[in-house]
Amino acid sequence: MSPIVLAQDPSLADFGQDPWWLVLIKILFAFVFAVLATLLGVWFERRVVARMAVRPGPNQVGPFGLLQTLADGLKMAFKEDILPKSADKVVYFFAPVISVVCAVTALSVIPFGPMVSIFGHQTPLQVTDVPVAVLVVLAFSSLAVYGIVLGGWASGSTYPVLGGLRSSAQLISYEVALGLSIVAVFMLSGTMSTSEIVSAQGSGPEVELFGLAVPMPGWYAILLFPSFVIFFISIVGETNRAPFDLPEAESELVAGFMTEYSSLKFALFMLSEYVAMVTMSAFTVTLFLGGWHAPWPITIWEGANSGWWPMLWFLGKVIALVFVFVWLRGTLPRMRYDQFMRLGWKVLIPVNLVYIVGLAGFLKTQGWERTDRLIAYGLVAGVLMLAALFWPSRRPQPKPTVQEQVDSRPHGSFPLPPMDLQVPPSPRTKRVVAEREPANVAAGQDSREV
């Protein structure tokens with residue numbers, strides 16, 4: 001990587017020095033980005049799903065139907081705002097606001113690009129950054145569920161409460177897997193700052209394998225592929241997107257936690273869902289896909305990671321991940337509740353823990369001698385092979401036959417119906433058998449075989 005590109009990477013020392021008007025411009029940009037991403041995201045989802053279902057999709061309002069989402073928003077604004085009689089008015093009003101504020105605020109620590117010049121001031125394309133910026137995003141994603149839970153509870157209805165409770169269980173199940181999948185990023189980058197994590201992915205590390213220094217790619221999606229897969233599955237569950245949209249579950253709970261909402265409050269809940277989807281896509285790009293760094297082969301151009309060009313690469317990666325979200329919704333059916341919980345607790349979390357332990361051992365042994373590393377890897381491989389050989393199998397017990405089940409019944413049990421499904425006649429009734437004479441009719445002269 002050239003020195004020109006390296007000089008563009010911001011650090012924590014570059015934040016907190018902007019004038020107040022530049023800070024306001026950045027905040028306004030993040031808010032406008034969230035709103036426009038929602039408007040275009042709804043249109044994008046409807047067009048992509050329509051293409052998958054061989055339908056035209058929205059194409060009447062504006063060119064290519066681009067203004068259809070804006071028209072729907074205006075229609076919702078002028079609809080009657082219905083307040084349930086048994087609703088808690090204060091909580092009922094603030095619940096959708098909580099979801100929107102948490103989703104938008106998380107964008108404040110997402111780096112959109114490197115150091116740029118805005119009206120003569122050198123500043124990073126990021127609202128702010130702190131040493132624990134990744135934990136800030138996790139905190140806001142955790143708080144967003146309170147809007148859903150409180151919205152369901154404040155509605156004063158049964159089905160919204162069930163949808164809110166589902167959302168809380170969903171958060172507990174997948175927040176753990178989400179946090180564990182980021183631990184590997186912390187171990188490899190050595191920081192929790194989003195800007196420094198992006199900077200660490202600018203050039204790949206060199207790993208010594210059998211005495212040779214092998215350069216590795218810089219993106220953590222390649223270096224930490226299991227963590228990337230678990231992280232992406234977890235954010236799909238965190239954002240209540242299909243196939244994990246159990247808090248809504250229209251076919252089971254009418255409309256979930258939003259059943260009693262209408263007009264602008266309903267629009268705010270829908271806005272929060274799409275903003276959260278875009279925010280988590282940007283968060284995934286920051287942690288695993290190199291952030292604003294250009295993908296290969298664009299990196300051959302020396303100026304690809306300088307100036308305003310990196311914002312284009314960042315937005316392209318975000319759009320690609322949003323397409324994956326839409327793709328999942330258009331192809332996968334909704335999971336059952338027990339399947340959803342089993343995937344989180346029995347699959348994602350155990351696999352994540354084993355992978356983190358293995359990664360920690362691999363990084364710890366990088367400074368050892370080659371012979372010591374081979375001995376350590378051999379011992380671990382031997383233990384794994386012995387565990388696989390002697391691991392108790394969970395084969396299902398053979399199901400007993402019907403006759404064995406009958407013979408094992410205790411004495412004095414209730415009588416059983418006949419096993420051959422033929423009901424015998426009752427001994428209390430007289431059996432009357434009608435005997436008929438065979439019909440022997442002589443053929444007439446006019447009869448003939450037909």
Side-chain angles (χ1 to χ4, degrees), residues 1 131-132 134-135 138 172-194 196-238 283-284 286-291 296 339-397:
M1 184 175 291
V132 289
V134 175
L135 300 184
L138 293 180
I172 296 172
S173 300
Y174 282 78
E175 191 75 22
V176 179
L178 181 67
L180 288 176
S181 59
I182 304 177
V183 173
V185 177
F186 298 158
M187 294 168 59
L188 212 59
S189 63
T191 179
M192 295 185 185
S193 167
T194 52
E196 292 182 354
I197 289 176
V198 172
S199 178
Q201 297 179 73
S203 59
E206 290 187 355
V207 179
E208 185 179 352
L209 294 176
F210 305 104
L212 298 176
V214 180
M216 301 295 292
W219 289 10
Y220 292 154
I222 301 175
L223 297 177
L224 307 172
F225 184 73
S227 293
F228 171 67
V229 174
I230 295 174
F231 180 84
F232 190 79
I233 295 175
S234 300
I235 64 171
V236 175
E238 280 286 303
F283 193 43
T284 307
T286 300
L287 294 181
F288 292 97
L289 299 179
W296 189 89
Q339 294 174 336
F340 180 76
M341 292 299 172
R342 186 183 304 113
L343 176 65
W345 289 104
K346 294 188 176 182
V347 178
L348 297 185
I349 295 178
V351 170
N352 218 336
L353 289 173
V354 173
Y355 177 72
I356 290 174
V357 172
L359 179 63
F362 176 78
L363 296 177
K364 186 66 176 178
T365 57
Q366 285 302 299
W368 294 7
E369 296 292 335
R370 178 183 177 183
T371 305
D372 297 337
R373 287 203 310 272
L374 292 178
I375 293 175
Y377 297 159
L379 290 176
V380 173
V383 171
L384 293 178
M385 292 180 61
L386 291 176
L389 290 175
F390 295 99
W391 193 267
S393 61
R394 300 181 59 183
R395 297 179 180 177
Q397 297 294 332

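All of these numbers come straight from a predicted model, not from anything done at the bench.
Taking all atoms of both residues into account, the shortest heavy-atom contact from Tyr355 to Ser227 is CE2-OG, 3.1 Å. Summarising the geometry of Leu224 relative to Phe288, their closest heavy-atom pair is O-CE2, 4.4 Å, with the distance given to 0.1 Å. Leu178 and Leu138 get closest at one heavy-atom pair: CD2-CD2, 3.8 Å. In this structure, Asn352 and Ala177 approach most closely via the heavy-atom pair ND2-O, 3.2 Å. Across all non-hydrogen atoms, the minimal contact from Ala221 to Leu289 is CB-CD2, 3.6 Å. The two residues Gly344 and Tyr174 have their closest heavy-atom pair at N-OH, 3.6 Å.
Phe362 contributes atom CZ, which lies 11.0 Å from atom CE of Met187 (distance to the nearest 0.5 angstrom). Between atom CG of residue Leu287 and atom OG of residue Ser181 there is a gap of 8.5 Å, rounded to the nearest 0.5 Å. The OG1 atom of Thr191 sits 8.5 Å away from atom CZ of Phe186, with the distance rounded to the nearest 0.5 Å.
In this structure, Phe231 and Phe283 have side chains that are in contact, with non-hydrogen atoms separated by less than 4.5 Å.
Looking at Val347, Ile235, Leu348 one by one, the single match for side chain to side chain contact (heavy atoms under 4.5 Å, CB included) with Ile230 turns out to be Leu348. When each of Met341, Glu238, Arg342 is checked for a side chain to side chain contact (heavy atoms under 4.5 Å, CB included) with Ser173, only Met341 meets the rule. Under the side chain to side chain contact (heavy atoms under 4.5 Å, CB included) test applied with Leu353, the options Ile349, Val357, Val351 reduce to a single match, Ile349.
Outside the 6.0 Å centre-distance limit, the rings of Tyr220 and Phe225 are not counted as a close aromatic pair.
Proximity of a side-chain donor or acceptor of Gln201 to a complementary backbone N or O of Ser189 within less than 3.5 Å is not detected.
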### Message
Could you walk me through whether Leu359 and Val183 satisfy the side chain to side chain contact (heavy atoms under 4.5 Å, CB included) test, starting with their C-alpha distance in whole Å, then the side-chain angles of each, then the deciding distance to 0.1 Å, before giving a yes or no?
### Response
CA-CA 10 Å; Leu359 179 63; Val183 173; over 6 Å; no
### Evaluation steps, side-chain hydrogen bond (donor to acceptor under 3.5 Å, both in side chains), between Tyr377 and Thr365
CA-CA 9 Å; Tyr377 297 159; Thr365 57; 2.9 Å; yes
